[in-house]
There are 2 protein chains.
Amino acid sequence: MVLSKACTYGILASLYITRETNKKTGYVSIGRMSKELHISFHFLTKILQELTSAGLLTSMKGPKGGVALKQDAKDITLLDIVIAIDGMELFSECLLGLPGCGNEEPCAVHNEWGGIREQLYQTFRSKTLATTTQQIDEQNLRFALPELLDS
Amino acid sequence: MVLSKACTYGILASLYITRETNKKTGYVSIGRMSKELHISFHFLTKILQELTSAGLLTSMKGPKGGVALKQDAKDITLLDIVIAIDGMELFSECLLGLPGCGNEEPCAVHNEWGGIREQLYQTFRSKTLATTTQQIDEQNLRFALPELLDS
DNA sequence: TTTTTCTAAGACCGGATTGTCTTAAATTAA
DNA sequence: TTAATTTAAGACAATCCGGTCTTAGAAAAA
């Protein structure tokens, strides 16, 4: 798995918050969000706390409370969220896990992976919450988990 | 982590086997290999068993036994090894983990991730054990874990 | 045949990640 | 002030992966 589950939940939740705060001012309830995105409430809360302490979100307790973007949606990138939750390892580590791998001592796939990794970085960096939610609305893209089916 | 540790160990071991069987005929001892690559013997054994049951290696018990490539080194790609150990998920799954994501119902990063994923796939597919070991020798590339330092 | 050298196979443990639950604290509304 | 709503925080359980260990079994050598 390239991104941890916590990280993908963090991205989906951030997109949800962006769309909701477009509609109405104020905070978005974590309880309501967890229901609509089909993510465990307590797990989602923990993830959003990480984004809050990273300075990407603010929160408010009590009735009418919830979370909101701390910065403008055009100033938060998906890269910010990935780094806040999963850290920088994805963009710095050797694909084969060789500790000293670098330009001086490259491994067998160092150059290829370096290029791919850079594209991944630029992809996350170029997508802000604003542009991504706009894209979602225009192209009717998916950004939520489906309800789990009972089997 | 893009590849599991088991998968990277499988790649490193396969490259080692290719280089050793270049020198002498017959089988490569797992015990000796685990020492030189600094990988746990029993863990390496488990990984090599997966590669054996996937048809990439053969094994022989007893003295002078060990493992060997079942096919020619130019017919085994790094992709074969990745798929044998980690499966196809890396090359098929949605980056955001949305179950139904595809061309009909794309997620917000579907197209970008699709392109990157394809490059990753082609990189692994284009590198055979033969070409990669040749590259390692010519360019003096790293393909083994360093000995762990006592601290 | 017996011993030694190996791989085969699977039980087992520890730590990280994922996910659940409970309690506390803050804020609003009545 | 009191009650209701909501996040904060942390304990806790379950699951998966990485790694270790033990026993079995096969093949070669003595």
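By convention in this document, chain letters (A, B, ...) are assigned in the order of the sequence lines, proteins followed by strands, and residues within each chain are numbered from 1.
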What I'd like to find out is whether the side chain of A:Lys127 reaches to under 4.5 Å of the side chain of A:Thr77, using heavy atoms alone. no

Can you find a pair of side-chain heavy atoms, one from B:Leu129 and one from B:Leu69, that are under 4.5 Å apart? yes

Quickly work out the B:Met33 CE to C:dT5 P distance and round it to whole Å. 19 Å

In whole Å, I'd like the distance from the CD1 atom of A:Ile30 to the P atom of C:dA25. 19 Å

What donor-acceptor contacts under 3.5 angstrom involve side-chain atoms of residues 100-107 of chain B, with partners at least two apart or in another chain?
residue	atom	partner	partner atom	Å
B:Asn103	OD1	B:His110	NE2	3.1

Student check: side-chain heavy atoms of A:Tyr16 and A:Glu36 closer than 4.5 Å: yes

Atom CZ of B:Arg32 to atom P of C:dT5: distance rounded to whole Å? 17 Å

Atom CG of A:Leu44 and atom P of C:dT20: how far apart are they, to the nearest Å? 12 Å

Counting C-beta onward and ignoring hydrogens, is there a side-chain heavy-atom pair between A:Tyr9 and A:Leu145 closer than 4.5 Å? yes

What range of DNA chain D does chain B touch, first nucleotide to last, counting atoms under 4.0 Å from its heavy atoms? D:dG18 to D:dA28

Can you work out whether A:Lys5 or B:Gly65 has the more 5'-proximal nearest nucleotide on DNA chain C? B:Gly65

B:Leu57 CG - C:dC6 P separation (whole Å): 18 Å

Nearest-nucleotide check on DNA chain C, A:Met1 vs A:Met60; residue mapping nearer the 5' end is A:Met1

Taking only N and O in the side chain of A:Ser40, is any of them less than 4.0 Å away from OP1 or OP2 of C:dT20? yes

Can you see if the side chain of A:Tyr9 gets near the phosphate of C:dT18 - specifically, an N or O under 4.0 Å from OP1 or OP2? no

Less than 4.0 Å between a side-chain N and a carboxylate O, is that true for B:Arg19 and B:Asp137? yes

Let me know the distance between CD1 of A:Ile47 and P of C:dT18, rounded to the nearest Å. 8 Å

